[in-house]
Amino acid sequence: MSEAVTRATRTSPGLLASLDPLLREWLPRQRWFAGKGRPVTGFSLVAATELLPPTAKLGLLHLLVRAHQPDVPTHGAMTHPGDCYQLLIGVREALPPRLAPALIGHPDDGPLAGRTVYEALHDPRPAEVLLEALRARARIGELRFERDTRQEIPDGLMPRLMTAEQSNSSIVYGDTFILKLLRRIVPGVNPDLELPLLLAREGCPRVPAPTAWLLADLEGPDDSYVLGVLQPFVKGAADGWELALRELAKGEDFSTQARALGRATAEVHTALARATPPVTLGHAQVRLLVDGMTERLEAAAQAVPTLRTYAPGLRSAFETLGELAAEGRTWNAQRIHGDLHLGQCLRSPSGTWSLIDFEGEPSKSLAERRLPQPVARDVAGMLRSFDYAAHSHEPRVPGWADTCRAAYCTGYAEISGLDPRTDPVLLRAYETDKAVYEVVYEARHRPEWLPVPMAAVHRLSADAAP
Ligand SMILES: Nc1ncnc2c1ncn2[C@@H]1O[C@H](COP(=O)(O)OP(=O)(O)O)[C@@H](O)[C@H]1O
Ligand SMILES: O=P(O)(O)O[C@H]1O[C@H](CO)[C@@H](O[C@H]2O[C@H](CO)[C@@H](O)[C@H](O)[C@H]2O)[C@H](O)[C@H]1O
């Protein structure tokens with residue numbers, strides 16, 4: 001896609017130059033910045049829209065900005081243009097003390113010289129502007145605010161920015177709605193909006209139905225970027241990870257909840273199978289799957305040396321799957337959640353489970369994330385999560401993870417008619433792939449957690465050995 005620098009003329013042409021030194025310092029410090037560890041050498045403006053004029057007492061700029069990082073891995077002969085980020089920039093004379101943590105800085109020159117710029121999502125008024133635009137289905141520049149007109153968006157909901165460690169940023173409005181603003185932006189159909197919309201259409205109550213959404217039509221309405229999704233807020237909810245740890249701490253059994261989670265997952269899968277046509281994976285497709293798993297293992301073993309002694313056992317989990325495919329076995333594949341774990345499951349105070357965050361693995365391309373896959377991949381993600389909870393708790397509660405894993409599969413089978421345990425080769429391959437991913441994730445982000453997936457690596461490599 002071509003750089004749409006001309007769109008910047010809607011605001012002053014010197015805008016980005018005046019923000020550049022401030023953003024170079026501020027952006028890499030943000031939790032959601034995907035290019036950590038590599039210097040940002042500059043920015044280009046993809047789109048800039050004034051939501052409130054920057055000359056007013058309170059200004060609000062919506063920016064899509066490409067961050068240049070020259071040592072980003074290249075794809076083939078193409079140089080990676082850099083990731084595109086969504087920024088909401090507030091502009092004031094001075095920041096009130098409550099907004100001090102949101103400060104980005106004071107531009108020295110250009111159209112914003114002498115003013116204070118800050119992360120606008122911390123400020124209730126700019127957050128209200130976004131909700132008002134969604135309610136009004138506003139079109140402002142390339143920004144298209146859309147909504148499901150059957151759902152009401154009342155006035156006067158107090159906004160607050162969520163403080164959770166997130167890959168994106170979310171604003172909660174009066175405990176009624178939550179607006180997730182995606183930070184790293186890619187063109188195309190984003191499953192975080194696509195799948196909840198499909199599930200809502202299927203009447204599946206396990207996923208909050210999108211109330212409104214924000215798009216950017218940079219190359220016209222057929223090439224939109226999804227920038228945000230507003231959905232009903234599940235008030236007083238706890239996520240599955242918190243609940244599992246709470247029960248473990250009390251020495252309580254979690255199997256009733258695990259079974260309910262299995263049922264909820266199967267409800268989502270059966271609704272997705274109705275909404276999008278499932279496909280059959282034959283030898284060639286499974287070979288690709290197995291090759292992908294094997295390549296990820298090789299790369300992981302390069303990056304994390306402790307994995308190397310286990311590699312032959314782990315590899316055989318993938319090879320066994322490839323052998324079944326070579327013998328003519330086929331598998332069903334369909335759209336799935338793609339990144340399912342206990343943290344993606346919310347339990348309401350009345351005890352109902354919802355699944356959230358259908359974005360898939362953010363490091364993969366949208367095309368990859370939207371491919372039909374065996375449901376075993378989501379199931380394996382959850383089975384790993386029960387294992388994670390059990391291994392992150394001291395003292396260990398013997399059998400806790402196994403009981404949860406069995407209950408989850410039982411619940412799954414009650415709804416779908418398919419017990420994931422009846423295909424142990426596929427399940428083991430996906431569990432192994434996930435554990436390998438987790439080893440790399442923990443080595444990179446939380447080295448003290450590395451023993452948790454390594455325990456699974458130990459078990460899975462032994463299981464798969466001939
Ligand atoms: N509909 C909802 N109701 C209540 N809380 C929610 C809802 N959706 C998300 N959350 C909360 O917001 C957090 C982040 O949401 P998520 O979609 O996982 O964002 P990210 O992709 O940035 O991690 C979740 O862990 C959960 O605590
Ligand atoms: O938060 P994301 O959905 O982007 O997922 C990433 O971070 C997760 C940790 O927050 C990580 O999940 C792993 O740890 C969880 C406990 O903290 C556990 O429930 C998961 O089963 C385990 O995979 C996830 O792998 C990573 O992609």
Side-chain angles (χ1 to χ4, degrees), residues 3-27 29-30 40 42-67 84-145 155-161 169 171 173 179 181-183 185 212 214-218 225 227-228:
E3 285 284 287
V5 183
T6 50
R7 293 189 174 87
T9 55
R10 182 162 294 106
T11 59
S12 166
L15 176 77
L16 193 61
S18 69
L19 289 176
D20 185 301
L22 304 179
L23 292 181
R24 276 188 209 214
E25 203 274 315
W26 177 81
L27 188 68
R29 286 192 280 117
Q30 305 312 301
V40 176
F43 297 97
S44 53
L45 205 50
V46 175
T49 312
E50 288 177 9
L51 294 177
L52 297 172
T55 46
K57 188 163 164 255
L58 167 63
L60 176 58
L61 299 174
H62 182 284
L63 303 183
L64 295 178
V65 166
R66 203 173 285 291
C84 180
Y85 292 94
Q86 172 173 218
L87 309 180
L88 279 130
I89 305 289
V91 184
R92 286 177 178 256
E93 291 302 333
L95 279 191
R98 67 186 162 81
L99 289 176
L103 178 71
I104 297 177
H106 303 93
D108 286 333
D109 43 34
L112 301 177
R115 310 212 60 197
T116 304
V117 296
Y118 64 103
E119 157 70 282
L121 300 182
H122 290 260
D123 192 352
R125 182 58 200 139
E128 277 167 12
V129 168
L130 295 176
L131 191 67
E132 283 161 14
L134 287 168
R135 186 191 298 110
R137 303 178 68 199
R139 299 273 191 285
I140 310 172
E142 287 78 25
L143 299 184
R144 180 151 57 97
F145 296 81
D155 275 334
L157 299 171
M158 269 302 287
R160 67 180 158 88
L161 182 64
S169 296
I171 304 171
Y173 292 93
L179 172 62
L181 290 163
L182 303 181
R183 289 303 198 160
I185 300 301
L214 169 57
L215 308 170
D217 295 328
L218 297 181
Y225 285 58
L227 303 180

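One is the number of the first residue; the rest follow in order along the sequence. A quick note: this is a predicted structure, and the numbers were derived from the prediction, not measured. Every heavy atom of this structure was used, including side-chain atoms; hydrogens, water molecules and symmetry mates were not.
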I need the [X] [atom1] to [Y] [atom2] distance, nearest 0.5 Å.
| X | Y | atom1 | atom2 | value |
| --- | --- | --- | --- | --- |
| Asp217 | Leu143 | CG | CG | 9.0 Å |
| Leu64 | Leu87 | CG | CG | 8.0 Å |
| Arg24 | Leu19 | CZ | CG | 12.0 Å |
| Leu51 | Leu60 | CG | CG | 4.5 Å |

Taking [X] for the side chain and [Y] for the main chain, is one N or O donor matched with an acceptor at less than 3.5 Å?
| X | Y | result |
| --- | --- | --- |
| Gln30 | Trp26 | yes |
| Thr116 | Glu93 | yes |
| Glu142 | Leu218 | no |

### Query
Do NZ/NE/NH1/NH2 and the carboxylate oxygens of Glu119 and Arg29 come within less than 4.0 Å?
no
### Query
Quick one: are Arg92 and Tyr118 in side-chain contact, heavy atoms under 4.5 Å?
yes
### Query
Do Leu227 and Leu215 come close enough that some side-chain heavy atom pair is under 4.5 Å?
no
### Task
Take Leu23 and Phe43, measure what side chain to side chain contact (heavy atoms under 4.5 Å, CB included) needs, and give me the verdict at the end.
CA-CA 9 Å; Leu23 292 181; Phe43 297 97; 3.5 Å; yes
I'd like a table of donor-acceptor pairs (distance under 3.5 Å, sequence neighbours excluded) in which one partner is a side-chain atom from residues 125-138, with atom names and distances.
from, atom 1, to, atom 2, distance (Å)
Arg125, NH1, Glu128, OE1, 3.0
Arg125, NH1, Glu132, OE2, 3.2
Arg135, NE, Ile153, O, 2.8
Arg135, NH1, Asp155, OD1, 3.4
Arg135, NH2, Pro154, O, 2.9
Arg135, NH2, Asp155, OD1, 3.3

### Task
Using distance alone, with no hydrogens and no angle criterion, decide if His62 and Gln86 have a side-chain donor and acceptor under 3.5 Å apart.
yes
### Task
Given side chain to side chain contact (heavy atoms under 4.5 Å, CB included), test Leu181 with Leu88 step by step and report yes or no.
CA-CA 10 Å; Leu181 290 163; Leu88 279 130; 3.9 Å; yes
